[in-house]
Amino acid sequence: MDETSEAKRKVWEYLQLHHEIPKGNYDVDVIFVLCSNDLTVADRAVELYKDKVSKWVVISGGFGSVTQHWKKSEAETFSDRMQEAGVPSSAIILESKSTNTGENVRFTQALLEQKQIKVESIVLVQKPYMERRAYATFMKQWLNSSNLHHVYVTSPKFSSLDSYLSHATQLNNNVTSDQILSLMLGDLQRIKEYPKLGFQIEQTLP
(Lines give C-alpha, C1' and ligand atoms only; values in the text may rest on other atoms or scores of the structure.)
Protein backbone atom coordinates (compact mmCIF):
# COMPACT_ATOMS: atom_id res chain seq x y z
CA MET A 1 0.00 0.00 0.00
CA ASP A 2 1.47 3.37 -0.99
CA GLU A 3 1.72 6.28 1.46
CA THR A 4 -1.30 8.13 0.06
CA SER A 5 -3.54 5.08 0.30
CA GLU A 6 -2.32 4.39 3.82
CA ALA A 7 -3.06 7.98 4.86
CA LYS A 8 -6.59 7.72 3.46
CA ARG A 9 -7.15 4.45 5.29
CA LYS A 10 -5.96 5.97 8.58
CA VAL A 11 -8.36 8.90 8.24
CA TRP A 12 -11.20 6.50 7.39
CA GLU A 13 -10.44 4.38 10.45
CA TYR A 14 -10.05 7.40 12.73
CA LEU A 15 -13.40 8.88 11.76
CA GLN A 16 -15.17 5.71 12.89
CA LEU A 17 -15.42 4.72 16.55
CA HIS A 18 -16.09 0.97 16.21
CA HIS A 19 -18.35 0.82 19.25
CA GLU A 20 -19.81 -2.55 20.20
CA ILE A 21 -23.57 -2.16 20.50
CA PRO A 22 -25.42 -4.22 23.16
CA LYS A 23 -28.09 -6.44 21.62
CA GLY A 24 -30.98 -8.61 22.68
CA ASN A 25 -32.23 -7.05 25.91
CA TYR A 26 -33.39 -3.54 24.99
CA ASP A 27 -30.52 -2.18 27.11
CA VAL A 28 -30.45 1.17 25.29
CA ASP A 29 -33.16 3.77 25.83
CA VAL A 30 -33.18 5.27 22.32
CA ILE A 31 -31.81 4.64 18.83
CA PHE A 32 -31.07 8.13 17.47
CA VAL A 33 -30.91 8.27 13.67
CA LEU A 34 -29.19 11.33 12.17
CA CYS A 35 -30.53 11.68 8.65
CA SER A 36 -28.87 12.56 5.34
CA ASN A 37 -29.37 11.43 1.77
CA ASP A 38 -27.96 7.98 2.58
CA LEU A 39 -30.77 5.55 3.32
CA THR A 40 -28.37 2.79 4.34
CA VAL A 41 -28.26 4.68 7.65
CA ALA A 42 -31.97 3.91 8.02
CA ASP A 43 -31.22 0.28 7.16
CA ARG A 44 -28.62 0.14 9.93
CA ALA A 45 -31.21 1.49 12.38
CA VAL A 46 -33.60 -1.27 11.28
CA GLU A 47 -30.92 -3.84 12.11
CA LEU A 48 -30.54 -2.34 15.59
CA TYR A 49 -34.27 -2.36 16.21
CA LYS A 50 -34.61 -5.97 15.09
CA ASP A 51 -31.62 -6.88 17.28
CA LYS A 52 -33.62 -5.58 20.27
CA VAL A 53 -31.20 -2.80 21.03
CA SER A 54 -34.00 -0.39 21.97
CA LYS A 55 -37.78 -0.11 21.84
CA TRP A 56 -37.60 3.49 20.58
CA VAL A 57 -36.23 4.99 17.37
CA VAL A 58 -36.04 8.76 17.00
CA ILE A 59 -35.33 9.95 13.46
CA SER A 60 -34.00 13.48 13.01
CA GLY A 61 -33.64 15.52 9.84
CA GLY A 62 -35.41 18.19 7.84
CA PHE A 63 -34.23 19.22 4.38
CA GLY A 64 -30.57 19.68 3.49
CA SER A 65 -28.76 21.02 0.45
CA VAL A 66 -28.69 17.55 -1.12
CA THR A 67 -32.24 16.60 -0.10
CA GLN A 68 -34.09 19.87 -0.69
CA HIS A 69 -35.75 18.35 -3.76
CA TRP A 70 -37.19 15.41 -1.79
CA LYS A 71 -40.99 15.36 -1.48
CA LYS A 72 -40.76 14.54 2.23
CA SER A 73 -38.31 15.55 4.93
CA GLU A 74 -35.31 13.33 5.55
CA ALA A 75 -36.90 12.08 8.79
CA GLU A 76 -40.16 11.16 7.07
CA THR A 77 -38.31 9.47 4.19
CA PHE A 78 -36.17 7.45 6.61
CA SER A 79 -39.29 6.54 8.58
CA ASP A 80 -41.01 5.23 5.46
CA ARG A 81 -37.97 3.11 4.67
CA MET A 82 -37.84 1.70 8.17
CA GLN A 83 -41.53 0.93 8.33
CA GLU A 84 -41.30 -0.88 5.00
CA ALA A 85 -38.57 -3.00 6.61
CA GLY A 86 -40.74 -3.91 9.58
CA VAL A 87 -40.25 -1.23 12.24
CA PRO A 88 -43.71 -0.31 13.60
CA SER A 89 -44.78 3.32 13.45
CA SER A 90 -45.55 3.13 17.18
CA ALA A 91 -41.81 2.76 17.87
CA ILE A 92 -40.81 5.78 15.76
CA ILE A 93 -40.53 9.41 16.85
CA LEU A 94 -39.95 12.04 14.16
CA GLU A 95 -38.00 15.29 14.40
CA SER A 96 -38.21 16.93 10.97
CA LYS A 97 -37.07 20.53 11.49
CA SER A 98 -33.30 20.24 12.01
CA THR A 99 -30.84 21.26 9.30
CA ASN A 100 -27.48 20.41 10.90
CA THR A 101 -26.02 18.02 13.47
CA GLY A 102 -26.24 20.49 16.34
CA GLU A 103 -29.94 21.00 15.68
CA ASN A 104 -30.40 17.23 15.33
CA VAL A 105 -29.16 16.87 18.89
CA ARG A 106 -30.85 19.86 20.52
CA PHE A 107 -34.23 19.42 18.83
CA THR A 108 -34.26 15.69 19.55
CA GLN A 109 -33.45 16.14 23.22
CA ALA A 110 -36.27 18.69 23.57
CA LEU A 111 -38.70 16.37 21.78
CA LEU A 112 -37.85 13.38 23.96
CA GLU A 113 -38.22 15.50 27.10
CA GLN A 114 -41.60 16.70 25.83
CA LYS A 115 -42.66 13.08 25.39
CA GLN A 116 -41.26 12.25 28.85
CA ILE A 117 -38.92 9.58 27.52
CA LYS A 118 -36.04 9.22 29.95
CA VAL A 119 -32.67 8.86 28.24
CA GLU A 120 -29.74 7.38 30.14
CA SER A 121 -28.24 5.50 27.21
CA ILE A 122 -28.39 6.16 23.47
CA VAL A 123 -27.09 4.85 20.13
CA LEU A 124 -26.34 7.40 17.41
CA VAL A 125 -26.66 6.11 13.84
CA GLN A 126 -24.83 8.08 11.16
CA LYS A 127 -22.76 7.67 7.98
CA PRO A 128 -19.43 5.89 8.62
CA TYR A 129 -17.12 8.86 8.20
CA MET A 130 -19.39 11.03 10.35
CA GLU A 131 -19.37 8.77 13.41
CA ARG A 132 -16.72 10.68 15.33
CA ARG A 133 -18.10 14.12 14.48
CA ALA A 134 -21.61 13.01 15.45
CA TYR A 135 -20.31 11.79 18.80
CA ALA A 136 -18.31 14.97 19.46
CA THR A 137 -21.28 17.17 18.57
CA PHE A 138 -23.69 15.10 20.64
CA MET A 139 -21.52 15.23 23.76
CA LYS A 140 -21.31 19.02 23.48
CA GLN A 141 -24.87 19.86 22.44
CA TRP A 142 -26.88 17.38 24.53
CA LEU A 143 -27.57 19.08 27.87
CA ASN A 144 -25.98 17.22 30.80
CA SER A 145 -24.49 14.61 28.47
CA SER A 146 -22.02 13.68 31.21
CA ASN A 147 -24.94 12.21 33.16
CA LEU A 148 -25.65 9.62 30.46
CA HIS A 149 -24.53 6.10 31.28
CA HIS A 150 -23.68 5.09 27.73
CA VAL A 151 -23.38 6.88 24.38
CA TYR A 152 -22.72 4.59 21.43
CA VAL A 153 -22.21 5.41 17.76
CA THR A 154 -22.64 3.08 14.80
CA SER A 155 -23.09 3.23 11.03
CA PRO A 156 -23.73 1.02 7.99
CA LYS A 157 -20.99 -1.56 7.64
CA PHE A 158 -18.62 -1.54 4.67
CA SER A 159 -15.73 -3.93 4.21
CA SER A 160 -13.25 -1.21 3.27
CA LEU A 161 -12.83 2.43 2.32
CA ASP A 162 -12.97 1.44 -1.36
CA SER A 163 -16.29 -0.33 -0.75
CA TYR A 164 -17.73 2.77 0.88
CA LEU A 165 -16.44 5.06 -1.87
CA SER A 166 -18.09 2.85 -4.48
CA HIS A 167 -21.38 3.12 -2.59
CA ALA A 168 -21.08 6.88 -2.04
CA THR A 169 -20.28 7.71 -5.66
CA GLN A 170 -23.29 5.68 -6.83
CA LEU A 171 -25.50 7.40 -4.26
CA ASN A 172 -24.36 10.90 -5.22
CA ASN A 173 -24.61 11.25 -8.98
CA ASN A 174 -21.63 12.94 -10.64
CA VAL A 175 -19.62 12.93 -7.40
CA THR A 176 -16.16 11.39 -7.61
CA SER A 177 -14.25 9.36 -5.04
CA ASP A 178 -11.88 12.31 -4.61
CA GLN A 179 -14.82 14.55 -3.72
CA ILE A 180 -16.05 12.05 -1.12
CA LEU A 181 -12.54 11.91 0.32
CA SER A 182 -12.57 15.71 0.44
CA LEU A 183 -15.77 15.55 2.52
CA MET A 184 -14.04 13.14 4.88
CA LEU A 185 -11.12 15.52 5.27
CA GLY A 186 -13.63 18.30 5.89
CA ASP A 187 -15.01 16.31 8.81
CA LEU A 188 -11.50 15.85 10.13
CA GLN A 189 -10.98 19.61 9.93
CA ARG A 190 -14.25 20.22 11.81
CA ILE A 191 -13.12 17.86 14.55
CA LYS A 192 -10.03 20.06 14.89
CA GLU A 193 -11.70 23.49 14.65
CA TYR A 194 -15.26 23.15 15.99
CA PRO A 195 -14.31 22.70 19.68
CA LYS A 196 -12.86 26.23 19.60
CA LEU A 197 -16.27 27.49 18.45
CA GLY A 198 -18.18 25.57 21.12
CA PHE A 199 -19.80 23.15 18.68
CA GLN A 200 -18.04 19.93 19.73
CA ILE A 201 -15.95 18.41 22.49
CA GLU A 202 -12.22 18.21 21.92
CA GLN A 203 -10.73 14.93 20.72
CA THR A 204 -7.24 13.63 20.15
CA LEU A 205 -6.27 13.95 16.50
CA PRO A 206 -4.32 11.28 14.61
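In this model, a donor atom of one side chain and an acceptor atom of the other lie less than 3.5 Å apart for Asp38 and Thr40. With hydrogens and angles left out, the side-chain atoms of Asp27 and His150 include no donor and acceptor closer than 3.5 Å. Using modelled atom types, one finds no donor on one side chain facing an acceptor on the other under 3.5 Å when comparing Ser155 with Gln126. For the residue pair His18/Glu13, the side-chain donor-acceptor check at 3.5 Å is satisfied. Thr99 and Glu103 are linked by a side-chain donor-acceptor pair at a separation below 3.5 angstrom, with hydrogens and angles left out of the test.
You'll find the side chain of Tyr135 reaches within 4.5 Å of the side chain of Val151, heavy atoms only. Tyr14 places a side-chain heavy atom less than 4.5 Å from the side chain of Leu188. Counting heavy atoms from C-beta on, the side chains of Phe138 and Asn104 never come closer than 4.5 Å. Inter-residue side-chain proximity for Trp56 and Ile117 is flagged as met; some heavy-atom pair is nearer than 4.5 Å. Considering only heavy atoms from C-beta on, Val30 stays 4.5 Å or farther from Val123 through its side chain. With contacts defined as side-chain heavy-atom distances shorter than 4.5 Å, the pair Phe78/Leu39 qualifies. A 4.5 Å side-chain heavy-atom check between Gln68 and Val66 finds every atom pair outside the cut-off. Residues Val46 and Leu48 are not in side-chain contact: their nearest non-hydrogen atoms beyond the backbone lie 4.5 Å or more apart.
Shown here for Val28 and Pro22, the closest heavy-atom pair between the two residues is CG2-CG, 3.8 Å. Scanning both residues, Ser54 and Ile31, for their nearest heavy atoms gives CB-CG1, 3.7 Å. Residue Cys35 comes nearest to Ile59 through the heavy atom pair SG-CG2, 3.3 Å, listed as atom of the first residue, atom of the second, then distance. Minimum interatomic distance between Ala45 and Met82 (heavy atoms only, all atoms of both residues): CB-CE, 3.5 Å.
Within the 3.5 Å criterion, the main-chain N or O of Ser177 finds no donor-acceptor partner in the side chain of Thr169. Judged purely by atom type and a 3.5 angstrom limit, Lys127 has no side-chain atom pairing as donor or acceptor with the backbone of Leu34. Using a distance-only test at 3.5 Å, with no hydrogens or angles considered, a donor-acceptor pair links the side chain of Gln109 to the main chain of Leu143. With hydrogens and angles disregarded, a donor-acceptor distance shorter than 3.5 Å links the side chain of Gln16 to the backbone of Trp12. With hydrogens and angles ignored, the 3.5 Å screen pairs a side-chain donor or acceptor of Ser160 with a backbone N or O of Ser163. Judged purely by atom type and a 3.5 angstrom limit, Asp29 uses its side chain to pair as donor or acceptor with the backbone of Glu120. Proximity of a side-chain donor or acceptor of Glu76 to a complementary backbone N or O of Ser73 within less than 3.5 Å is detected. Put simply, the side chain of Thr108 never gets that close to the backbone of Val105: no donor and acceptor are under 3.5 Å apart. The closest donor-acceptor contact from the side chain of Arg9 to the backbone of Leu161 lies at 3.5 Å or more, if one exists at all. For the pair Asn172 (side chain) and Val175 (backbone), a donor-acceptor distance under 3.5 Å is absent.
One finds the NE2 atom of His69 at 8.5 Å from the CG atom of Asn37 (value rounded to the nearest 0.5 Å). Atom-to-atom distance recorded for Arg106:CZ and Leu111:CG is 14.5 Å, nearest 0.5 angstrom. Separating the CG atom in Leu15 from the CZ atom in Arg132 is a distance of 7.5 Å, to the nearest 0.5 Å.
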Exercise for the section: Determine, stepwise, if the pair His19 / Ile21 fulfils side-chain contact (heavy atoms from CB on, under 4.5 Å). Expected result: CA-CA 6 Å; His19 287 168; Ile21 311 301; 4.2 Å; yes

Run the side-chain contact (heavy atoms from CB on, under 4.5 Å) test on Lys192 and Leu205 for me, step by step, so that the C-alpha distance in whole Å, both residues' side-chain angles and the decisive distance to 0.1 Å come before the verdict. CA-CA 7 Å; Lys192 178 181 178 181; Leu205 292 165; 3.8 Å; yes

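Ile201 and Ile191 fall into different hydrophobic clusters, where Ile, Leu, Val, Met, Phe, Trp and Tyr side chains are chained together by heavy-atom contacts under 4.5 Å. Using a 4.5 Å cut-off between side-chain heavy atoms of Ile, Leu, Val, Met, Phe, Trp and Tyr, with links allowed through other members, Phe32 and Leu148 fall into the same hydrophobic cluster. Tracing side-chain contacts under 4.5 Å through hydrophobic residues (I, L, V, M, F, W, Y), one never reaches Val33 starting from Val153; they form parts of separate clusters. Note: the hydrophobic cluster containing Leu124 does not contain Tyr129 (ILVMFWY, side chain heavy atoms under 4.5 Å, direct or indirect links). Linking ILVMFWY side-chain heavy atoms closer than 4.5 Å, directly or via other members, places Val11 and Met130 in a single hydrophobic cluster.
A salt bridge links Asp187 to Arg133: one of the charged nitrogens lies within less than 4.0 Å of a carboxylate oxygen.
Considering Glu20, Arg44, Glu47 as possible partners of Thr154, the one that fulfils the side-chain hydrogen bond (donor to acceptor under 3.5 Å, both in side chains) test is Arg44.
Every residue was checked against the ring pair (Phe, Tyr, Trp, His ring centres under 6.0 Å) condition with Tyr49, not counting sequence neighbours, and none meets it.
Geometric assessment of Lys55 against the ring of Tyr26 yields a positive cation-pi assignment under the 6.0 Å and 45° thresholds.
Ring geometry, Phe158 versus His167: the interplanar angle falls from 30° to 60°, so the pair is classed tilted.
Judged as a side chain to side chain donor-acceptor pair (under 3.5 Å), the pairs with a partner in residues 80-95 (not counting sequence neighbours) are, in order, Asp43-Arg81, Ser60-Glu95, Lys72-Asp80, Ser79-Gln83, Glu95-Ser98.
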